[in-house]
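This report refers to the structure that appears directly beneath it.
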Amino acid sequence: MTTQMFEIVKNPISIEEITNKVIRNEAGAVTTFTGTVREFTYGKRTLSLEYQAYEKMAVKKLEQIGEEIKEKWSDAKVAITHRIGKLEISEIAVVIAVSTPHRKDAYAANEYAIERIKQVVPIWKKEIWESGEAWIGDQLEKTPYPEGKPMEVDQ
Amino acid sequence: MTTQMFEIVKNPISIEEITNKVIRNEAGAVTTFTGTVREFTYGKRTLSLEYQAYEKMAVKKLEQIGEEIKEKWSDAKVAITHRIGKLEISEIAVVIAVSTPHRKDAYAANEYAIERIKQVVPIWKKEIWESGEAWIGDQLEKTPYPEGKPMEVDQ
Amino acid sequence: MIKVLLFAHLQEKVGQESISIERIETTVKDIRDYILSAYDIGNLENVMIAVNEEYALDDDMVKAGDVVALIPPVSGG
Amino acid sequence: MIKVLLFAHLQEKVGQESISIERIETTVKDIRDYILSAYDIGNLENVMIAVNEEYALDDDMVKAGDVVALIPPVSGG
């Protein structure tokens with residue numbers, strides 16, 4: 001069995017499990033990013049979230065981010081798991097783990113991964129408030145693709 | 001029982017446990033740094049490591065780093081655990097977890113913490129190779145205190 | 001036949017998870033125009049189109065059997 | 001009496017975890033000089049001195065009952 005380094009899952013994510021996928025003898029530094037459901041966004045109280053994904057493409061795009069990182073930081077090893085479905089406040093939506101021999105790269109590559117996820121991975125978030133609900137990214141003030149297409153390389 | 005946010009321990013560290021100390025409703029971003037024992041440093045093979053700490057002062061200095069982070073990133077919550085004693089290859093020496101409402105701060109504050117640990121926290125590492133052993137930081141080429149004293153504020 | 005997958009608010013607006021379009025060969029732009037004229041889907045200004053799980057441009061060709069998807073601005077992470 | 005804690009290679013060189021110095025009141029510099037003259041400890045050029053768990057400077061005072069520690073360059077993390 002090979003370990004899946006890039007996954008979309010429907011059940012709770014274990015930070016330890018994703019981080020362990022990248023721990024190895026050659027790498028002294030591991031950064032793990034955990035994205036959790038925040039209660040307040042710009043003063044508005046979120047009750048819960050629902051994530052939807054175009055799963056097949058989302059996995060492909062996560063793999064692509066992994067390849068982009070390999071090109072920029074050749075010593076990096078990356079694992080990303082994103083959860084979909086309904087999530088409660090402070091539950092984990094995404095875990096990104098990156099190991100590198102030296103720590104500067106582990107931070108930089110990890111931050112690159114979350115920025116790219118927010119640009120190109122087809123996953124959508126619906127916020128559910130007391131007063132209603134809405135798919136995020138649907139708002140006019142958000143124009144994440146100024147070029148008409150998600151950027152395929154780092155801006 | 002209050003949770004200890006800054007600890008020196010002698011047993012294996014759980015990434016999940018330290019990260020869970022900082023997860024909270026107001027914070028959507030959590031970064032975790034895991035420092036593991038690397039097998040090769042500049043081509044030299046390490047068999048194992050031994051960490052020693054001036055424990056009382058080390059905890060105080062970890063707490064100080066926590067306060068410095070609070071001053072720079074007032075919304076950050078920080079937990080740091082460092083292990084001492086004998087560690088094998090790829091075992092975890094240190095875990096730093098930081099949560100913030102927004103992710104940029106979580107990366108920056110976490111990286112600040114590891115840099116500061118390497119400057120001011122009285123913990124020493126002895127590398128054990130096939131051909132011998134040595135306390136690191138003992139080498140002439142390393143002069144971590146150019147001012148004659150560890151920097152008490154960010155450089 | 002070309003299958004077009006819908007997600008997020010587009011799925012809710014149209015009330016189905018996908019649309020089938022009878023074409024042998026066409027362009028991304030034609031698919032976009034067809035959907036705008038045939039469905040009450042609002043505007044598709046910020047909506048990308050993927051063909052077989054890759055982002056595509058308006059001039060790119062689409063053939064029967066390809067899987068197309070409308071990708072509104074993503075909000076994962 | 002002033003207790004001086006030793007760590008890492010300094011502890012191994014002196015062969016003990018601490019040194020006791022008979023002084024009522026003195027300076028950090030005096031403690032440093034005393035240890036250099038009384039023990040075969042090598043040089044203390046890059047070694048910091050902490051008094052009661054805080055880094056101290058050469059001119060800082062040390063009193064009987066204070067806990068002093070020699071802090072060689074740290075290498076945690």
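Convention: sequence-line order gives letters A, B, ...; per-chain numbering from 1.
Although no hydrogens or angles enter the test, the distance criterion places a donor-acceptor pair under 3.5 Å between the side chain of C:Ser75 and the main chain of A:Ile136. Under a 3.5 Å cut-off, the side chain of A:Trp124 and the backbone N or O of C:Phe7 do not form any donor-acceptor pair. A side-chain donor-acceptor contact under 3.5 Å links C:Tyr55 to the backbone of A:Val120. Under a 3.5 Å cut-off, the side chain of A:His82 and the backbone N or O of C:Gly77 do form a donor-acceptor pair.
Neither the backbone nor the side chain of C:Glu45 comes within less than 4.5 Å of any heavy atom in chain A. Proximity to chain C (any heavy atom under 4.5 Å) is shown, for A:Ala58, by neither the backbone nor the side chain. With a threshold of 4.5 angstrom between heavy atoms, A:Lys126 approaches chain C through side-chain atoms but not through N, CA, C or O. Only the backbone of C:Asn52 comes within contact range of chain A, with heavy atoms under 4.5 Å apart.
Taking NE2 of C:His9 as the start and CD of A:Gln52 as the end, the distance is 11.5 Å to the nearest 0.5 Å. Once rounded to the nearest 0.5 Å, the distance linking CD of C:Glu53 with NZ of A:Lys61 reads 10.0 Å. The CD atom of C:Glu12 lies 6.5 Å from the CD atom of A:Glu133; values are rounded to the nearest 0.5 Å.
The environment of NZ in A:Lys60 is crowded: more than 12 heavy-atom neighbours from other residues, nucleotides or ligands sit within 6.0 Å. For A:Lys70, the NZ atom sits in a packed shell: over 12 heavy atoms of surrounding residues, nucleotides or ligands are nearer than 6.0 Å.
The two residues A:Ile117 and C:Val74 make their nearest non-hydrogen contact at O-CG2, 4.1 Å. Between A:Tyr54 and C:Ala69, the shortest heavy-atom contact is CE2-CB, 3.3 Å.
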